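This report refers to the structure that appears directly beneath it.
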Amino acid sequence: MKNELVAKILNEIADMLEMQAVQFKPAAYRRAARTIESLAEPIEDVYAKGKLEELPGVGAAIAKKVAEIIETGSLKYHQELKAKTPVDLEGLLAVEGIGPKTVSLLYKRVGVRSLDDLERAASQHKIREIKGLGPKTEENILSSIELAKRRKERVTLGTALPVAERICENLRAEARSRGATCTVEAAGSLRRMRESIGDIDILATTQNPSGLSDSFTRMSDVRKVLEKGETRSSVILTNNLQVDLRVVQEGSFGSALMYFTGSKDHNIAMRKLAIAKGLKLSEYGLFRGDQQVAGRTEDEVYAKLGLEYIPPELREDHGEVAAAQDHTLPEIVPYDAIRGDLQTHTKWSDGVNTIEEMAQAAKTMGYEYVAITDHYSTIPVVNGLNEHRLREQAKEIDKLNEKIDGIRILKGAEVDIAADGTPSADKAALRGLDVVVGSVHGTFKQTKKEMTQRLIAAMESGLVSIIGHPTSRKINKKNPCEMDFDELFDASKRTGTYLEINASPERLDLSDTNAGLAVKAGCKLTVNTDAHDTEELRNIRFGVAMARRAWVRKTDVINTMPLRELIKTLRKP
DNA sequence: GCCGTTTTCGGCCCGACTGTTTTCAGTCG
């Protein structure tokens, strides 16, 4: 999968053209880079099918360059541009306040090629001498160069969302205690529920902006205040997360929320649509001339533009604007549509809580059913079940089902899928279970072909009802195993095996893009938490979020079904 | 360099802020 490489080269071309003050081409290269970066399938496959030019933002010229990168691993045009300004672009651009033009200026005037060069030039006061720059710029460079050296890493949605919710709640509470009304919402990629987040954006309206920014910058876990003003404040928390707070007028809250939620490409698409209708859209509202025609709420803005409301998870410029215009947006699966969790663990294997505790917690969440799927495995660390212990567990579940009203505990197991695709339990052992999750827990380094065959063999064994965390990735830690998704999806449909969206925030596997491809191919999914304690059951929303981002409908997710229907749907081992 | 229910040529998303300037360019989101 060369998507990242291609996008990186195109982005660098954009930067270098911008350094040369070339007009419009940088934006064109960036657009193409974004398309390819967020593409679900490998760019090589698109190339092989001869469909590069069908990608939005990719025309004849860029298609030819992409082809060269795929064939040779590099691009002559890119090398030539690099030779003209041989600098560490990525490093220098990471410095806050420095863009391509300044990089070019610094290189030409004082020969800055790296972050070290830049630091030296700044401390020797060479930068203030450059026409167009000055002492302030020099100071700013010195104070932000450290941060640039430690590149900012994105955090998982599971880390960022609770932090943002806590901040919003605190700000609302403080405003209430001062008797002020105050609306506070998290925006940005967090609101779109992307799997990882760069920083947290919070939007607010209040009659007391200075009080709000005081509360914000004085939060207990603030490490550094970057800026503090009536309309914009910015802090770094002790966990290194950056949080930006913006305060807007009530009449602009909806348009501002839209604007700060993004994505950038969605915003651009929306503005173009506004222009086509003789209007102008900004964070201050939707305007006809000087007259604001909408802005207080998002619904209002979408409606005035003739669009259905677009849920934040869909705002990625993946065709949602056109669909909203044609009223063909799918009814994506609601967060409260899940009727039960089909992968959970208890003390019987490597979980923390008892079956009863898990069942009670699931009942509190309003579930109709919960499947207990402890490891059936020989991996020592997971304290796996064997045939005898599984029978004992089944007896306990039968008793609990008589004892507890209002929720049905399903009998299940999570089996390992061996390197050749054989499940770690045989038919006799699994007899009587309601659900069997099959997962890869070792021998991750196989060829694409081997891994594909392995999973297909597991599905064809007839013992497995669900493939758990299909690619075994861990966000920021472990790359997904390579596999041929077309073949995998075919086998999933053919054998009636369901594919999991594992809702654990460090997994989110299938990813949003892969889940989208799966459903497009006609597969059915299941969203499960893989909870190892009662608290983790609440991670379900992260998995549903991925499904929503993938345009998945309720009917595509089996555990939105009522119990009776689900039981009929699940294949018995 | 891309793209078209106003265009196959002539446009290309919007606004704030900062620091540098005598009216604006660069950066950021």
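Since the model is a prediction, treat every value here as computed from it, not as a measurement.
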Does [X], at its [atom1] atom, have more than 12 non-hydrogen atoms belonging to other residues, nucleotides or ligands within less than 6.0 Å?
X      : atom1 : value
A/Q291 : CD    : no
A/K136 : NZ    : no
A/R178 : CZ    : yes
A/E165 : CD    : yes
A/K228 : NZ    : yes
A/K2   : NZ    : yes

Please give the distance between the [atom1] atoms of [N] and [M] as a whole number of Å.
N      : M      : atom1 : value
B/dC14 : B/dC9  : C1'   : 25 Å
B/dA25 : B/dT20 : P     : 16 Å
B/dT6  : B/dC2  : P     : 23 Å
B/dC17 : B/dC13 : P     : 22 Å
B/dA16 : B/dT21 : P     : 24 Å
B/dT8  : B/dG1  : C1'   : 15 Å
B/dT23 : B/dG29 : C1'   : 25 Å

Enumerate donor-acceptor pairs with a distance under 3.5 Å from any side-chain N or O in residues 245-254 of chain A to protein atoms, sequence neighbours excluded.
unit_1 : atom_1 : unit_2 : atom_2 : d
A/S252 : OG     : A/Y284 : O      : 3.0

So which nucleotide does B/dG19 pair with, by the Watson-Crick or G-U wobble rule with both distances under 3.5 Å?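 WC or wobble partner is B/dC24.
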Please give, in whole Å, the distance from [N] [atom2] to [X] [atom1]?
X      : N      : atom1 : atom2 : result
A/L273 : B/dT6  : CG    : C1'   : 15 Å
A/L92  : B/dT27 : CG    : C1'   : 15 Å
A/D15  : B/dT27 : CG    : P     : 10 Å
A/E139 : B/dT20 : CD    : C1'   : 14 Å
A/E129 : B/dT20 : CD    : P     : 12 Å
A/I127 : B/dT20 : CD1   : P     : 11 Å
A/Q20  : B/dA25 : CD    : P     : 19 Å
A/I98  : B/dC28 : CD1   : P     : 9 Å

Residues touching DNA chain B, which here means a heavy atom under 4.0 Å, drawn from residues 203-218 of chain A: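 Hits under 4.0 Å, by residue number: none.
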Test side chain to side chain donor-acceptor pair (under 3.5 Å) on A/S144 and A/E96; report intermediate values, then the result. CA-CA 6 Å; A/S144 48; A/E96 182 81 16; over 6 Å; no
So which pairs with a foot in residues 66-79 of chain A pass salt bridge (Lys or Arg N to Asp or Glu O under 4.0 Å), sequence neighbours left out?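 Listed by first then second residue: nothing to list.
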Under 4.0 Å, heavy atoms only, any strand: does [X] hit a base, just the sugar-phosphate, or nothing?
X      : value
A/A60  : sugar-phosphate
A/V103 : nothing
A/K65  : sugar-phosphate
A/P26  : nothing
A/R128 : nothing

Compare the minimum distances between each of B/dG1, B/dT27, B/dG29 and the side chain of A/A61, then state the nucleotide with the smallest one.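 Between B/dG1, B/dT27, B/dG29, the one nearest the side chain of A/A61 would be B/dG1.
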Positive for side chain to side chain donor-acceptor pair (under 3.5 Å) with A/E316, one of A/R194, A/R549, A/K264: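 One option only clears the test, and that one is A/R549.
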Could you write nucleotides 8-18 of chain B as a row of B, S and -, 5' to 3', where a protein heavy atom under 4.0 Å of any base atom gives B, of only sugar-phosphate atoms gives S, and otherwise -? ----BBBSSS-
Within the sub-3.5 Å range, which N or O atoms of nucleotides 3-5 of chain B have a protein N or O partner, and how far apart are they?
unit_1 : atom_1 : unit_2 : atom_2 : d
B/dC3  : OP1    : A/G57  : N      : 2.7

Run the side-chain donor-acceptor check on residues 25-34 of chain A: report pairs under 3.5 Å with partners two or more places apart or on a different chain.
unit_1 : atom_1 : unit_2 : atom_2 : d
A/Y29  : OH     : A/K65  : NZ     : 3.4
A/R30  : NH1    : A/E18  : OE1    : 3.0
A/R30  : NH2    : A/D15  : OD1    : 2.5
A/R30  : NH2    : A/E18  : OE1    : 3.0
A/R34  : NE     : A/D265 : OD1    : 2.8
A/R34  : NE     : A/D265 : OD2    : 2.7
A/R34  : NH2    : A/D265 : OD1    : 2.6

Pair A/T471, A/D509: side-chain N/O donor-acceptor within cut-off below 3.5 Å: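 Yes, because at least one side-chain N or O of A/T471 sits under 3.5 Å from a partner of the opposite role on A/D509.
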Pairwise 5' ranking along DNA chain B for A/T102 and A/A276, keeping only the more 5' one: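 So the residue in question is A/A276.
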Anything under 30° is parallel, anything over 60° is perpendicular, the rest tilted; go ahead and classify A/Y302 against A/H266.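 Ring orientation of A/Y302 relative to A/H266: tilted.
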